Q: 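Can you keep this structure in mind? I'll have questions shortly.
Computed over heavy atoms, backbone and side chain alike; hydrogens, waters and symmetry mates excluded. Note that the structure is a prediction, hence the values are computed from the model and not measured.
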Amino acid sequence: MKFIELTLGSYIISHGYDNKNKETLEHVRSDTFSKKVIAVSRIKSVSEKYILTDYVDGRWIYWEYAEDFEDVKKILM
């Protein structure tokens with residue numbers, strides 16, 4: 001399994017949708033960034049601000065990251 005080291009901060013957890021089809025989000029704020037190692041297979045998409053990862057129980061997590069978008073894109077390609 002391939003891994004990537006990233007510097008991650010605040011994140012948003014998507015817990016799914018309620019009975020009115022509204023997404024249930026939990027915002028977790030962090031004042032600092034810390035290094036984490038993530039399995040590349042868990043990364044679903046990368047934007048200039050967030051890396052979207054899946055979680056074992058079906059939730060999605062949008063992580064803020066400190067690295068440059070182009071650098072992350074090169075590492076993943």
Q: Going hydrophobic residue to hydrophobic residue with side-chain gaps under 4.5 angstrom, can you get from Ile51 over to Phe3?
A: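 No, it is not one cluster - the side chains of Ile51 and Phe3 are not joined through contacts under 4.5 Å.
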Q: Partners of Trp60 by ring pair (Phe, Tyr, Trp, His ring centres under 6.0 Å), sequence neighbours excluded?
A: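 Expected list: none.
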Q: Check side-chain hydrogen bond (donor to acceptor under 3.5 Å, both in side chains) between Asp18 and all other residues, then give those that pass, not counting sequence neighbours.
A: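 Here no residue qualifies.
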Q: Can you tell me how far CG of Leu25 sits from OH of Tyr62, rounded to the nearest 0.5 angstrom?
A: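 That separation rounds to 7.5 Å.
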Q: What's the separation between atom CH2 in Trp63 and atom OG in Ser10, rounded to the nearest 0.5 Å?
A: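 Reported value, rounded in 0.5 Å steps: 9.5 Å.
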Q: With sequence neighbours excluded, tell me which residues meet side-chain contact (heavy atoms from CB on, under 4.5 Å) with Asn19.
A: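 So Asn19 forms no side-chain contact (heavy atoms from CB on, under 4.5 Å) with any residue.
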Q: Among residues two or more places apart or on two chains, list those pairs meeting salt bridge (charged side-chain N to carboxylate O under 4.0 Å, His left out) that have a residue in residues 4-15.
A: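 Only Glu5-Lys35 qualify under salt bridge (charged side-chain N to carboxylate O under 4.0 Å, His left out).
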Q: State which residues pass side-chain contact (heavy atoms from CB on, under 4.5 Å) with Asn21; sequence neighbours excluded, sorted by chain then number.
A: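 By the side-chain contact (heavy atoms from CB on, under 4.5 Å) rule, Asn21 matches Tyr17.
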Q: Name all pairs fulfilling the salt bridge (charged side-chain N to carboxylate O under 4.0 Å, His left out) condition that reach into residues 19-34, sequence neighbours left out, sorted by first residue then second.
A: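 Not a single pair qualifies under salt bridge (charged side-chain N to carboxylate O under 4.0 Å, His left out).
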Q: I'd like a table of donor-acceptor pairs (distance under 3.5 Å, sequence neighbours excluded) in which one partner is a side-chain atom from residues 36-48, with atom names and distances.
A:
unit_1: Arg42; atom_1: NE; unit_2: Asp54; atom_2: O; d: 2.9
unit_1: Arg42; atom_1: NH2; unit_2: Asp54; atom_2: O; d: 2.8
unit_1: Lys44; atom_1: NZ; unit_2: Ser41; atom_2: O; d: 3.1
unit_1: Lys44; atom_1: NZ; unit_2: Asp54; atom_2: OD2; d: 3.4
unit_1: Ser47; atom_1: OG; unit_2: Lys49; atom_2: N; d: 3.3
unit_1: Ser47; atom_1: OG; unit_2: Tyr50; atom_2: N; d: 3.0
unit_1: Ser47; atom_1: OG; unit_2: Tyr50; atom_2: O; d: 3.2

Q: Just list the side-chain donor-acceptor pairs under 3.5 Å for residues 69-77, sequence neighbours left out, or say none.
A:
unit_1: Glu70; atom_1: OE1; unit_2: Lys73; atom_2: NZ; d: 3.4

Q: Give a yes or no on whether Val56 and Ile12 share a hydrophobic cluster (residues Ile, Leu, Val, Met, Phe, Trp, Tyr; joining criterion: side-chain heavy atoms under 4.5 Å apart).
A: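 No, separate clusters.
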Q: For Phe33, I'd like to know if atom CZ has over 12 heavy atoms of other residues, nucleotides or ligands within 6.0 Å.
A: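 Yes, enclosed.
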Q: Only counting residues at least two apart or in another chain, list the ones meeting ring pair (Phe, Tyr, Trp, His ring centres under 6.0 Å) with Tyr65.
A: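 Listed in chain order: nothing, the list is empty.
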